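The next block holds one structure in the form of structure tokens; read it before the comments.
Numbered from 1 within each chain, the chains take letters A, B, ... in sequence-line order. A quick note: this is a predicted structure, and the numbers were derived from the prediction, not measured.
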Protein chains: 2
Amino acid sequence: MKKKLQISDIAKQLNVSITTVSFILNGKAKEKRISDDLTARVLKLVEEVGYRPNQLAQSLRTGKTKTIGLMVEDISNPFFANIARLIEERAHKEGYKIVYCSTEDDTERTKELISMFRDMHVDGYIITPPEGVEEDIKKLIADGFPVVLADRQVAGVDAHCVIVDNLLGAYNATTHLIERGYQRIAFITIDSKQSQMVQRLEGYTKALEENDLEAVVLEVPYRYDAKQMIQSITSFLEERKNIDAVLFATNYVAVRGLEEISQISPADAPAKLGLVSYDDHDVFKFFKPTVTAVAQPTEAIANHVINLMLNLLGQKNSTLKAETIILPTSLVVRNSSLHKTKV
Amino acid sequence: MKKKLQISDIAKQLNVSITTVSFILNGKAKEKRISDDLTARVLKLVEEVGYRPNQLAQSLRTGKTKTIGLMVEDISNPFFANIARLIEERAHKEGYKIVYCSTEDDTERTKELISMFRDMHVDGYIITPPEGVEEDIKKLIADGFPVVLADRQVAGVDAHCVIVDNLLGAYNATTHLIERGYQRIAFITIDSKQSQMVQRLEGYTKALEENDLEAVVLEVPYRYDAKQMIQSITSFLEERKNIDAVLFATNYVAVRGLEEISQISPADAPAKLGLVSYDDHDVFKFFKPTVTAVAQPTEAIANHVINLMLNLLGQKNSTLKAETIILPTSLVVRNSSLHKTKV
DNA sequence: TTGAAAGCGCTAACAT
DNA sequence: ATGTTAGCGCTTTCAA
């Protein structure tokens, strides 16, 4: 076990004080008017012997860990995985580490994770909040921590936030289906009061109302496992044979729905049933027919989130006024939403 | 900003010394024969005021962070995402935090991540190593850190390791295709010398040799993006029209391959071409025909990995003899590998 | 049974 | 321009 070097070892070898080394290492050489020569020698030795400051000591002393906590709903969902990857990349470039985890949209779990992050002394929090964590987030903000919410808002919490125009996205998707001749369009979503879900429902409803069509909504409990979800969707569709199109509120519900749909009647069901899903997904490119999706601008979301966070982190007091950034979605038209009669 | 409580605040309020509180908090009350009454009072106050010890200070003092570093190839690949989730769950129960990240099989990136983990003072390392990190891992072990390798071995490194029987898995998959009447079976893999890939190739080759069939291998550069990969697979298949089955060495190559195959001739190509992929994937259930896969026992892998790690962590000296655990795979037979003539 | 005090390795105010 | 030194908040030895 190679003994860990300390700053005192460096200082001793060069016959200078610890302070001097510390200043140089922290880029304060100029400011403290330390000779260029000495600065160079210190840096050279540090490099040679591979000295690395003890981060724990640094953090204990400065109160900063250079770490950002990132909590997404589910890191194995490509939508969140992508955003996480992009955020991490930027953060690293700026000298921040990211520690991330999945909330699984579980209130208790999320509270624990927030508490864990506090214990770890992360410098900032990026969160896709489930329901029921309003108070915890308010507390975070009240305690002066930089907080950026992503993907969804939290009512009554004045936090920086990056979301997409969910209402418009769902509205456009629905309108698209109507334009292609579909008339009995169902909306299959989960039983969540999260802002993004509520807004999608509103967009769907609005489009139908404008066209004097009737809304048919199935809310599947979020906690249902794959099998239960499929079952639920099955009986819903069974009982409403006249439905001619489905808009799924989110990709994982759509994936379950597709499993179901491809089983009912592998050959012709997809042909008869119009399909659109919120959130794109790899599977959609493989399904027959390929599935139309409301794609979210993951890159833009990630960029705005990390920019906001870095700004807050740069601030002395995180007193910037809370800013909500709303990004547009785009409709990726594939084969599952062609004109009804054309199929 | 609520002021953070310290251990001294607790001590003061109860008129006892810091030491006493510390002992009690660390479960040494009995050992130090502190009165049950006092113990109870301290615990009660701690609970009431919500005191939480400063982990940074604790770690600095004890040299332990109760954190395990987990580096997988790609956290957004369901295979790794699953393993990571299971490991994290167990680790939490044992009081450990997991900080994870993706190596993307990039040597330099991995070295940096190892170095980052060292800086963070993680207590143990779980790694799916890319090529070229032998020395870094040896160093970790030499320096006395608990290290567990997963999914692949590293030649010349005597580390604890959990893998599957890749040779047998590929052998069985190939034999399965042969039994169903396929004769010109290609193996599409990536140009990696990682143990698991080499072993899969060996299994494929062995099965062919035993049946006097000829091996036809395409090695796609790992660095290729989706488009390049597809292109590479396209020309390979174009030039070898007589191929009647393909064994993909890993799921993401298979996904690219399927994109290609479904495009060449959406209708009949899949029917004529036998398909099996190493690693299961959601997409395989949706493809027409559904794709046969060599499934890895993710749960067992995760369990063995975390058990090994916890054992090492419990040890005073990590001098346990390095142990390699080899788990069996299973063949999930779907429609893409039915008997050739039956299709 | 409990307490005083010495660090863990670093930063930065203060002194020179 | 560089050095001395007091902590950051905790654990643990040694003493009482």
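- Here B:L60 lies in heavy-atom contact (under 4.0 Å) with a base.
- Two end axes, each from the C1' atoms of five base pairs, can be drawn for the helix from C:dT1-D:dA16 to C:dT16-D:dA1; they diverge by 40°, to 10 degrees.
- When the options B:L70, B:N311, B:N307, B:V305 are evaluated for a side-chain contact (heavy atoms from CB on, under 4.5 Å) with B:V148, the one that passes is B:V305.
- Nucleic acid contact class of A:S59 (heavy atoms, under 4.0 Å, all strands): none.
- Using a 4.5 Å heavy-atom threshold, the side chains of B:I68 and B:L313 count as touching.
- To the nearest angstrom, C1' of C:dT2 lies 9 Å from CG of B:L38.
- Counting to the nearest Å, the P atom of C:dG9 and the CZ atom of A:R52 are 16 Å from each other.
- With rounding to whole Å, A:R33 atom CZ is found 19 Å from C:dT16 atom P.
- The pair A:D119-B:K66 does not count as a salt bridge, with every side-chain nitrogen at least 4.0 angstrom from each carboxylate oxygen.
- Looking at every heavy atom in both residues, B:I34 comes nearest to B:L38 through CG2-CD2, 4.0 Å.
- Taking atom CG of B:L56 as the reference point, atom C1' of D:dG7 lies 15 Å away to the nearest angstrom.
- The phosphate of D:dG9 has neither OP1 nor OP2 within less than 4.0 Å of any side-chain N or O from B:Y51.
- Here A:Q58 does not reach the OP1 or OP2 of C:dG9: none of its side-chain N or O atoms lies under 4.0 Å away.
- With sequence neighbours left out, the side-chain contact (heavy atoms from CB on, under 4.5 Å) criterion links B:T67 to B:T65, B:K97, B:V99, B:V122.
- Between B:E135 and B:K138, at least one side-chain nitrogen of the basic residue sits less than 4.0 Å from a carboxylate oxygen of the acidic one, meeting the salt-bridge criterion.
- Residues B:E73 and B:R152 are paired through a salt bridge, judged by an N-O separation under 4.0 Å between the basic side chain and the carboxylate.
- As a whole-Å value, the separation of B:I7 CD1 from D:dC8 C1' is 14 Å.
- Ring-plane geometry between A:Y125 and A:F117 is classed as tilted, the angle between the planes lying from 30 to 60 degrees on a 0 to 90 degree scale.
- The CG-P distance, from B:L14 to C:dT2, rounds to 11 Å in whole Å.
- Following rounding to the nearest Å, A:I24 (CD1) and D:dA1 (C1') show an atom-to-atom distance of 11 Å.
- Between the NZ atom of A:K4 and the P atom of C:dC10 there is a distance of 8 Å, rounded to whole Å.
- The nearest pair of heavy atoms linking B:L308 to B:H160 is CD2-ND1, 3.8 Å.
- Distance from the side chain of B:S17 is smallest for C:dT2 among the nucleotides D:dT4, C:dT2, D:dG9.
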Review item, nucleotides 12-16 of chain D N/O atoms under 3.5 Å of protein N/O:
unit_1 : atom_1 : unit_2 : atom_2 : d
D:dT12 : OP2    : B:K28  : NZ     : 2.9
D:dT12 : O4     : B:T19  : OG1    : 3.4

